[in-house]
Amino acid sequence: MDSIISAASVIAAGLAVGLAAIGPGIGQGTASAQAVEGIARQPEAEGKIRGTLLLSLAFMEALTIYGLVVALSLLFANPFTNQ
Amino acid sequence: MLISSVKVGEHFYLTLGVFKLHAQVFIVSFFVIFILIVFSLLGTNKMSQTPRGLQNFLEYILEFIQDITKSQIGEHYYRDWVPFIGTLFLFIFVSNWSGALIPWKIIILPEGELSAPTNDINTTAALALLTSLAYFYAGISKRGIRYFSRYIKPTPILLPINILEDFTKPLSLSFRLFGNILADELVVSVLTLLVPLIVPLPVMMLGLFASSIQALIFATLAAAYIGEAIEEH
């Protein structure tokens with residue numbers, strides 16, 4: 001494998017996950033904060049709020065996972081190296 | 001001595017005519033299908049009015065799936081789609097958990113390793129494409145040619161975006177499931193590589209939880225897409 005390509009791929013893989021984690025991290029924090037607030041205001045709705053929260057957290061998680069998929073394909077199935 | 005190692009992208013190939021199959025996926029998939037069939041047969045062979053034991057459990061699962069479908073598709077049409085959504089949910093759920101709970105590493109393959117079928121992009125892409133077909137079928141069978149009017153709603157300017165959506169739906173469905181399951185298994189294998197005992201256990205529990213949520217999400221989203229296609233405007 002060409003060393004420049006492998007170096008670039010490793011850096012790109014790190015950046016892909018790292019950058020993709022920022023947005024969903026902020027989003028998940030906001031969503032959880034609002035959910036806690038909702039539970040504090042209305043404890044009887046806890047079950048419903050928890051269900052919705054988990055579902056939406058998983059949606060946000062998916063965005064980071066896209067970055068992870070890109071990183072994994074760069075690391076393990078790099079299309080730019082001709083083996 | 002190397003106790004564990006991380007392998008990604010290595011497959012045990014099986015050739016069938018001109019096609020190359022990932023045999024490890026097929027082995028575990030058939031195992032999952034076998035488990036599901038055995039459980040349903042055992043639970044339904046002596047059915048009684050007052051459900052007990054396994055039958056009770058299966059009825060609980062059925063009600064759970066009916067709830068998911070009903071909340072997304074609506075009271076009127078959900079019955080037709082319970083089998084499809086149920087199949088998706090149960091297959092994904094049992095696949096994910098079988099990958100985490102069954103010590104597949106004991107069985108050594110010539111190449112690659114046995115693990116959850118859903119950590120291969122082909123499995124998840126197939127499931128996602130089936131979902132696409134299902135919602136097209138649902139929309140067209142329910143509303144005929146008028147189904148395509150949803151592409152120019154609310155305004156015709158959105159036509160390209162609406163068409164693009166038909167491609168991003170299966171893409172995001174398949175990537176979400178594939179990425180989550182692969183990430184879980186990678187994290188566990190990297191941790192076992194570093195510390196083989198006890199320490200990976202909490203992460204494994206988290207993986208079990210996350211993979212059950214992923215099965216739920218896949219089923220919910222598939223039901224939501226079908227419900228969206230059926231809905232009258």
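Contact annotation for B/Ile121: neither backbone nor side-chain heavy atoms come within less than 4.5 Å of a heavy atom of chain A. Of the two parts of A/Leu68, only the side chain, counted from C-beta on, holds a non-hydrogen atom closer than 4.5 Å to a non-hydrogen atom of chain B. Contacts between B/Thr220 and chain A at a heavy-atom distance below 4.5 Å involve the side chain alone, from C-beta outward.
The aromatic ring centroids of B/His22 and B/Phe12 lie 6.0 Å or more from each other. With ring centers used as reference points, B/Phe57 lies 6.0 Å or more from B/Phe39.
Taken to the nearest 0.5 Å, the CD atom of B/Glu165 stands 9.0 Å off from the OH atom of B/Tyr151.
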Problem set entry | ring-ring contact (aromatic ring centres under 6.0 Å, His included) between B/Tyr77 and B/Trp81, intermediate numbers included | CA-CA 8 Å; B/Tyr77 306 106; B/Trp81 293 101; over 10 Å; no
